[in-house]
Every structure is written in C-alpha cells, then in structure tokens.
Trainee: 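Would you mind keeping the following structure in view while I ask a few things?
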2 protein chains.
Amino acid sequence: MVATESTPIAGRGLRADALRNRQRILEAARRIFEERGVDAPLDEVAERAGVGAGTLYRRFPSRVALVEAVFEQELAEMAGIGEEALRCEDPWVGFSTYLERICAVMAADRGLGDLLLLKLPASGESAGACERHSRAQADLLVRAQKAGVVRDDLVPEDIFLFLVANGAIARLTHCAAPHAWRRLVALLLDSCRPGRNGPLPAAPTPLQAARAQQEHAETKGLRAVSCEGSGDQRDGRGC
Amino acid sequence: MVATESTPIAGRGLRADALRNRQRILEAARRIFEERGVDAPLDEVAERAGVGAGTLYRRFPSRVALVEAVFEQELAEMAGIGEEALRCEDPWVGFSTYLERICAVMAADRGLGDLLLLKLPASGESAGACERHSRAQADLLVRAQKAGVVRDDLVPEDIFLFLVANGAIARLTHCAAPHAWRRLVALLLDSCRPGRNGPLPAAPTPLQAARAQQEHAETKGLRAVSCEGSGDQRDGRGC
DNA sequence: TACCAATCGGAGGAAATAGTCCATTTACTC
DNA sequence: GAGTAAATGGACTATTTCCTCCGATTGGTA
C-alpha cells in the first residue's frame with residue numbers, strides 16, 4: 001500500500017513550504033465545504049488558501065482525496081457521537097439524543113451534512129469511521145427496540161431516510177427558518193415510538209441504501225477515479 | 001397588461017410554424033423537466049424539440065416563463081388533488097390520501113416535485129392554482145384537527161416540511177429504492193396522529209416558509225426578471 | 001406569383017468550473 | 001553559497017450552460 005496523502009502521518013516528507021500550503025488548503029476547504037457543501041468549486045478553495053490551482057491539484061488529485069483529508073477527524077467524531085449515545089443508560093434517550101445531535105451537525109455544517117448522506121468511493125482511511133458510525137446507529141436502534149421504546153418495524157436504513165430528510169430541510173430553510181429541522185426531527189422521533197400503527201411500506205434494503213449513497217456522491221462530484229474508457233453517458237436520471 | 005405568452009389563449013396570433021414549434025418546445029420541456037427537474041439545461045430542451053436555442057428564447061424569454069407555460073395545467077391538477085381530498089368525508093382519509101397522492105406525484109415527476117417546493121416569481125397565471133392548493137392544504141389540516149384525528153400543534157407550514165423531506169428522499173433514492181418515499185410518508189403520517197407527544201419545536205412561520213420557497217426557486221435558476229442594477233453578490237450560503 | 005415581415009437556427013460570446021502544463025522560484029543538501 | 005529536485009501559480013484548454021445576434025428562410029397575403 002502506497003503512503004498516500006491521507007496516511008496517518010499525512011504529508012510527511014513534504015518540503016516545509018509544501019506542508020504549509022497543504023495545511024492552508026485544508027483549512028480553506030474546511031470552511032468552504034462547511035458553507036457550500038462538498039461540491040463547492042475547487043478553484044475557490046485554492047483562492048481562499050492563497051495558492052494556485054495547480055498546487056491544490058498536485059496535493060489532492062481528486063475532490064475525493066481532498067474531502068477525505070478535510071473530514072478525516074470529523075468523521076471519527078460523528079462515529080463518536082453514536083458511541084457516546086450508546087453509553088447513555090436510557091435506550092430512548094440514547095437513540096433520540098443521537099438523532100438530535102447528528103441532525104444538529106448536519107444543519108450547522110453543510111459539508112458534514114453532505115458527507116453523512118453519501119458513500120465516499122474507496123474511502124481508505126475514512127472507511128473505518130463510517131463503519132463504526134453505521135454500527136453505532138444500528139446498535140442504538142436495536143437496543144431501543146429491545147427495550148420496547150422504539151417500534152419494532154424500523155430498520156437501520158430508516159435512519160438514513162431520516163438524515164436525508166433532515167439534510168433537505170436544513171439546506172432549504174437554513175436562511176429563512178434556521179431551526180425548522182428541529183421540528184421535523186421531533187416529528188420523526190414521535191413516529192418512532194411504538195404504538196397502534198399499521199404496517200409500514202418496505203424500507204430500502206442495505207444494498208439499496210448503499211447504492212443511493214453512492215449515486216448521491218456522484219452528483220456531488222465525488223466519482224471514483226480511474227475507470228479508464230468510461231462511457232460516461234449521462235442519461236436522464238442516471239438510472 | 002400586455003398579452004404575454006402565458007395568456008389563456010397562449011400563442012394566439014403566431015404564425016403556423018411558430019405555433020407548431022411552440023408546442024414542440026412545451027412537449028420537450030415537459031419530458032426533460034420531468035426527468036431532470038426544472039433546472040435542466042434549456043439547450044437540451046431546444047435540441048429535443050428540434051429547434052434552435054434562439055427560437056426557444058424568443059418564445060420563452062426566461063426559464064420562469066417556460067416553466068409556467070409547461071406546468072400551467074399540472075399546477076391546477078395538483079390543487080385539484082387537494083380539493084378532491086376535501087370532498088372525502090373522512091377527515092383523516094382526506095388528509096392522508098392527499099399527502100400520499102401529492103408525494104407520489106413528486107416521486108414520479110421531478111419537475112412537479114421541484115415546483116411544489118418553490119415559489120415562482122411573479123407567477124401570473126399559476127398564482128391562482130398555487131393559492132387554491134395552499135388553501136386546500138390548510139383546510140385539510142384544520143378539518144382533520146377539528147375532527148381530532150390530527151394533533152393540534154401542526155400548522156400548514158408543516159406540510160411544506162413534509163414535502164421537502166419527501167422530495168429529497170424521492171430524488172436521492174429514485175433509482176436505488178424507488179419506493180422508499182412511501183415509507184417516509186407513512187412514518188410522517190404516524191407522527192401526525194394525536195397522542196401523548198411532548199411539545200414540538202416551533203414551526204416555520206408562513207413568511208419564513210415563503211422565503212425558503214423563494215430562495216429555493218433561485219437555486220433552480222428561476223430568479224425574477226428585471227431587477228436592474230442587481231448587485232448579485234453570491235456569498236457563501238446566500239444569507 | 002411575389003413580396004415582406006415574422007420566424008428560424010445555429011454560430012458564437014460570456015461565465016463558471018475542472019483539470020493540465022511549464023517556466024520560474026525556492027527549500028533543502030553538501 | 002551553489003546546485004538540484006521539489007514546489008509553485010497562473011495561464012491555458014476543455015466543457016457546460018446561458019443567452020444574443022443576424023443572415024437565411026418561409027408562411028401568409030395581395
């Protein structure tokens with residue numbers, strides 16, 4: 001395995017000025033992704049970092065590489081939110097505060113919000129954190145169900161649906177009604193309580209959810225590299 | 001008032017070939033908006049219609065004009081869905097089937113889905129239909145609340161939140177899990193039932209919802225015309 | 001038929017974005 | 001302090017999309 005930019009000791013072996021620029025790029029990208037999402041123009045990142053476009057592209061050959069480097073730490077923190085909620089004794093409090101906290105993150109940081117809804121292609125380093133996060137989500141749900149405080153017919157993929165919904169509200173109402181997402185989350189949490197509810201339509205399968213996340217990544221300019229000779233025909237809805 | 005293209009007898013007075021082309025443009029736009037949303041490239045509409053870009057722009061000087069002409073009828077039909085649900089005797093059935101039907105429309109037609117979430121600037125003709133639709137939505141909600149089958153703390157703006165959520169799910173999972181939206185709608189409907197629910201965070205005010213819809217329209221390339229000397233500074237998140 | 005105003009269509013300018021290239025500059029090594 | 005490989009940055013190409021302009025064409029009429 002080649003030591004890439006996203007290796008733990010990232011950027012080791014770079015010349016001092018290169019290392020400095022790398023850091024400035026990461027900081028600029030962090031802020032710009034936060035404001036505009038992970039599909040923000042990279043030229044703008046370069047400009048804000050005070051480097052040329054060439055420098056940015058040499059350091060991070062693809063948007064995926066940059067996004068991974070920028071959010072490496074945050075991704076782990078989000079998994080941490082899930083694991084922390086699991087340490088909460090009350091299963092309902094754990095489940096509900098997890099959802100509230102993660103949705104708050106999405107509302108406050110558009111880049112992280114994007115990241116929670118997509119699957120990075122070949123996400124070498126970040127894969128571990130994503131894996132931990134997914135497991136924490138599923139554990140939170142199952143624990144709450146076993147305790148009888150969440151309806152039994154929910155599956156982990158429903159959390160993905162919740163996050164998609166929350167992200168959309170947060171994006172759309174960010175300026176006009178910055179707290180609208182809280183209301184949606186409260187309503188969704190209500191709908192999670194067990195009760196006299198009829199049968200639900202089928203949830204997405206894990207595979208379907210993963211494919212949706214992957215397709216979403218592509219719309220954000222995070223397509224996998226290589227793929228030589230890609231036809232790249234963009235038909236109507238990409239199906 | 002000048003007789004514009006979107007006058008009831010649209011296109012009256014045009015030469016025969018111009019009228020024919022106008023129709024072909026509308027049909028092409030209808031299909032392309034359905035597949036890709038109302039922000040699809042107009043050049044593609046022209047190409048599919050088999051006319052030059054100039055012809056399209058002469059006939060419909062702005063994207064707004066084209067969108068209005070294309071969806072004039074559908075907009076009225078959507079208001080009709082609401083009014084039809086009001087004629088349903090059971091307030092809950094009316095409310096829930098309205099939501100299901102309108103969400104189904106959004107899932108099946110991305111253009112209409114877009115349209116339901118935004119406010120067209122100066123929507124001359126379509127304003128009436130939108131007005132009817134909003135009133136029907138509010139009436140459905142209030143009637144269900146008076147009958148005690150929907151919790152009292154919901155407001156009409158919550159329906160907007162529901163539609164935003166549904167639109168996001170529909171878009172994101174359209175290929176991978178085409179029926180996922182049904183599950184979200186079912187969950188949201190559950191959350192509308194009255195019960196032992198705690199207080200909800202504040203809903204967007206009508207003004208806030210309207211502003212969100214308007215801002216959303218702008219991101220779809222549906223900005224109002226004129227506005228001479230517009231500064232047009234696009235800062236980070238447009239706030 | 002013949003005329004002309006209405007219409008056409010596509011060439012092309014402008015803006016935004018992605019990604020490459022290379023002449024110049026600079027940090028490290030000896 | 002000089003040499004060299006690394007690093008730089010912005011000019012440049014390509015692409016996409018919007019929108020305008022104008023010479024060529026054609027429908028409707030006399």
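Hydrogens, waters and symmetry mates are skipped; everything else that's a heavy atom, side chains included, is used. Letters go in sequence order (proteins before strands), and every chain restarts at 1. The structure presented is a predicted model; accordingly, all values stated were derived computationally and were not measured.
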Trainee: Is there any protein nitrogen or oxygen under 3.5 Å from a nitrogen or oxygen in nucleotides 27-30 of chain D, and what are the pairs?
Mentor:
from   : atom 1 : to      : atom 2 : distance (Å)
D/dG27 : O4'    : B/Arg15 : NE     : 3.3
D/dG28 : OP1    : B/Ala16 : N      : 3.0

Trainee: Please report the closest heavy-atom contact between B/Glu215 and A/Cys175, naming both atoms and the distance.
Mentor: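 Closest pair (atom of B/Glu215, atom of A/Cys175, distance): OE1-CB, 3.6 Å.
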
Trainee: With sequence neighbours excluded, tell me which residues meet salt bridge (charged side-chain N to carboxylate O under 4.0 Å, His left out) with B/Glu74.
Mentor: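 By the salt bridge (charged side-chain N to carboxylate O under 4.0 Å, His left out) rule, B/Glu74 matches B/Arg30.
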
Trainee: Could you go through the salt bridge (Lys or Arg N to Asp or Glu O under 4.0 Å) check for A/Glu44 and A/Arg36 one step at a time?
Mentor: CA-CA 11 Å; A/Glu44 208 161 317; A/Arg36 327 244 298 215; 3.2 Å; yes

Trainee: Please determine if A/Glu83 and A/Arg132 form a salt bridge, counting it only when a charged side-chain N lies under 4.0 Å from a carboxylate O.
Mentor: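 A salt bridge is present here (some side-chain N lies under 4.0 Å from a carboxylate O).
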
Trainee: Which heavy atom of A/Pro156 sits nearest a heavy atom of A/Ala138, and at what distance?
Mentor: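 That would be CG-CB, 3.9 Å.
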
Trainee: Find the distance A/Glu47:CD to D/dG10:C1' and express it as a whole number of Å.
Mentor: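 Between C1' of D/dG10 and CD of A/Glu47: 12 Å.
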
Trainee: Please report the distance, rounded to the nearest Å, between CZ in B/Phe60 and C1' in D/dT20.
Mentor: 18 Å

Trainee: Show the distances under 3.5 angstrom between N or O atoms of the protein and N or O atoms of nucleotides 15-19 of chain D.
Mentor:
from   : atom 1 : to      : atom 2 : distance (Å)
D/dC18 : OP1    : B/Arg63 : NH2    : 2.2
D/dC18 : OP2    : B/Leu42 : N      : 2.8

Trainee: Name all residues meeting the ring pair (Phe, Tyr, Trp, His ring centres under 6.0 Å) criterion together with B/His216; count only those two or more places apart in sequence or in a different chain, and write none if there are none.
Mentor: none

Trainee: Go through the structure and list residues passing ring pair (Phe, Tyr, Trp, His ring centres under 6.0 Å) with A/Phe33, not counting sequence neighbours.
Mentor: none

Trainee: Is B/Thr205 reaching over with its side chain to a backbone N or O of B/Gln208, donor-acceptor style, under 3.5 angstrom?
Mentor: yes

Trainee: For B/Arg24, does its backbone N or O pair with a side-chain atom of B/Arg48 as donor and acceptor, under 3.5 Å?
Mentor: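 Side chain of B/Arg48 to backbone of B/Arg24: no pair is present.
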
Trainee: Chain A on DNA chain C: first and last contacting nucleotide, 5' to 3', under 4.0 Å to a heavy atom?
Mentor: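 First and last nucleotides in contact are C/dT17 to C/dC28.
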
Trainee: Which is it for A/Thr173 and A/Trp181 under the side-chain contact (heavy atoms from CB on, under 4.5 Å) test, yes or no, and what are the steps along the way?
Mentor: CA-CA 8 Å; A/Thr173 63; A/Trp181 63 270; 5.7 Å; no

Trainee: Between D/dT8 atom C1' and A/Asn21 atom CG, what is the distance in whole Å?
Mentor: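 Those two atoms, CG and C1', are 8 Å apart.
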
